[in-house]
Protein chains: 2
Amino acid sequence: MNTSLPNNASSKSAGPAGTASSRVFEHLRKDLVGGRFVAGEKLAINALKERYEVGLSPLREALTKLAAYGLLVQENQRGFRVPKLSRDELEDIAQMRLEMEGMALERAIAHGDSLWEADLLAAAHRLKRADISLDKGEAWEHLHTQFHRTLVAPCGSVWLLRFIEQLHDQFDRYRRLGPKMPTIRQELDEQHHQLVELALQRDTQAARELMDDHIHKSYEVALKRYQAHV
Amino acid sequence: MNTSLPNNASSKSAGPAGTASSRVFEHLRKDLVGGRFVAGEKLAINALKERYEVGLSPLREALTKLAAYGLLVQENQRGFRVPKLSRDELEDIAQMRLEMEGMALERAIAHGDSLWEADLLAAAHRLKRADISLDKGEAWEHLHTQFHRTLVAPCGSVWLLRFIEQLHDQFDRYRRLGPKMPTIRQELDEQHHQLVELALQRDTQAARELMDDHIHKSYEVALKRYQAHV
DNA sequence: TTAGACAAGATAATCGATTTTTTAACCTAC
DNA sequence: GTAGGTTAAAAAATCGATTATCTTGTCTAA
């Protein structure tokens with residue numbers, strides 16, 4: 001019923017369903033990506049048990065899974081900790097995003113059908129409409145992720161999509177560092193709009209260049225945030 | 001102390017150390033990659049408990065981790081199963097290996113120092129010497145993995161290495177399908193040797209082409225095995 | 001003064017039993 | 001005869017308690 005990682009309770013829109021384990025996984029994942037833990041911090045399992053209102057077993061399963069996913073580090077007999085951040089890693093992640101999302105976009109443009117075009121337009125529209133100041137930007141973040149997901153969806157490679165998702169989460173640990181998000185909304189929206197345009201025109205070359213630029217700008221934001229946060 | 005996924009007990013050479021959970025994880029991983037489970041099979045947890053001599057908690061943690069890693073599928077409230085194989089997926093994996101290992105090799109050639117050259121020669125030598133008929137080829141398999149790992153090691157991207165590792169495990173599910181391994185040893189050895197040569201000469205272009213060819217040949221073997229197995 | 005040993009407390013990992021959910025077999029009503 | 005419903009058995013998921021390991025502070029001996 002699923003593809004195993006984002007796991008059960010189909011990715012988004014999950015209602016009350018799913019196992020305790022999968023609920024905690026999602027919740028923790030969001031908290032980690034959203035920067036609600038400080039990098040390097042050691043997790044106090046007992047505290048988490050209360051915070052997320054679960055028993056030990058499902059909690060440990062969630063933590064184990066997050067470690068496999070790369071959002072936690074598990075140390076031999078001393079529990080879990082939040083991975084440190086480093087400039088080197090940020091560059092690694094950004095570089096990888098460049099390569100992989102570029103590749104995916106090219107393939108998506110080659111394979112995407114008209115249903116994709118519709119989805120893409122819809123996702124872009126929703127994103128533009130979203131109020132970034134709403135619930136701490138959570139809603140906007142979700143739509144933003146969704147937009148990028150839609151953009152590369154028909155690339156034809158399950159594994160490529162999987163890696164991109166993972167990198168995106170990693171990247172967001174940097175991009176969402178520190179307080180709120182006084183993003184330069186204007187330029188972002190413009191780029192998203194242009195991306196859709198170029199995708200619809202099947203202008204692979206230009207689309208990829210814009211995507212590179214888009215990721216590069218995100219990288220600069222993330223870097224600034226990282227440097228301010230150190 | 002580690003990088004979280006291959007997990008504790010540093011990847012290879014693990015002695016008796018590590019938690020029950022990590023031991024089972026490694027053991028199960030090898031069994032899954034080595035084809036000791038049939039694709040699509042549902043895992044009987046109680047049977048596994050006995051087979052691997054662990055309690056429920058560490059076993060479930062190992063299974064959860066393997067699901068996050070992609071070697072198992074977890075279904076909402078009905079346990080774990082071994083992912084099905086498909087020709088489409090095989091092609092996806094092979095294609096991704098092409099891209100990612102090619103990229104990694106280029107970077108490795110650009111960054112690798114003389115220590116790398118030494119490691120590479122050593123790894124190639126050990127591989128050539130290995131007796132493939134020994135313990136069901138396990139020893140050879142390990143050296144083969146190690147060789148490819150060494151080849152791309154200095155690529156400079158932790159994430160790229162991680163993805164490659166993952167793809168390699170996925171690929172091996174196909175390549176090691178069915179009985180034993182009557183590999184055409186000659187040609188493989190020759191290619192490995194040539195790869196080392198070209199890497200040492202820093203001939204990026206030729207090395208990448210050979211790598212492409214090498215992976216492509218592996219793909220053909222894997223495909224044959226897959227088709228025979230269906 | 002400091003390196004090493006030791007013990008007490010804290011934390012991680014594991015176990016055994018319980019609860020929840022699914023599966024499968026059977027039964028009934030149409 | 002089959003769709004729908006009931007229930008017993010099986011399996012998954014979770015809980016509570018136990019065991020093993022690490023951590024910290026203190027003491028001793030060089």
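Each chain gets a letter, A, B and so on, in the order the sequences are listed, and its residues count up from 1. Remember, it's a predicted structure, so these values are computed and weren't measured experimentally.
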Go through the side-chain N and O atoms of [X] and [Y] and say whether any donor and acceptor fall under 3.5 Å apart.
{"X": "B:Y219", "Y": "B:E91", "value": "yes"}
{"X": "A:Q166", "Y": "B:W159", "value": "no"}
{"X": "B:H168", "Y": "B:H144", "value": "no"}
{"X": "B:H216", "Y": "B:E220", "value": "yes"}
{"X": "A:S157", "Y": "B:D92", "value": "yes"}

Heavy atoms only: give me the nearest A:R126-A:L143 pair and the separation to one decimal. O-CD1, 3.6 Å

Nucleotide [N], atom [atom2] - distance to [atom1] of [X] in whole Å:
{"X": "A:N76", "N": "D:dT23", "atom1": "CG", "atom2": "P", "result": "11 Å"}
{"X": "A:F80", "N": "D:dC22", "atom1": "CZ", "atom2": "P", "result": "15 Å"}
{"X": "B:E61", "N": "D:dA13", "atom1": "CD", "atom2": "C1'", "result": "13 Å"}
{"X": "B:K42", "N": "D:dA11", "atom1": "NZ", "atom2": "P", "result": "7 Å"}

Given the side-chain rings of B:H125 and B:H192, with only the six-membered ring counted for Trp, is the space between their centroids under 6.0 Å? no

Note: chain A reaches DNA chain C at heavy-atom distances under 4.0 Å over the stretch, first to last nt, 5' to 3', of C:dT11 to C:dT14

So, with a heavy-atom separation below 4.0 Å from DNA chain D, the residues of residues 43-60 of chain B are B:L43, B:I45, B:L56, B:R60

Both A:Q77 and A:A20 contact DNA chain D. Taking the nearest nucleotide for each, which residue is further toward the 5' end? A:A20

Is the distance from OP1 or OP2 of D:dA11 to the nearest side-chain N or O of B:R78 less than 4.0 Å? no

Rounding to 0.5 Å, atoms CD (A:E61) and OG1 (B:T64) come to a distance of 4.0 Å

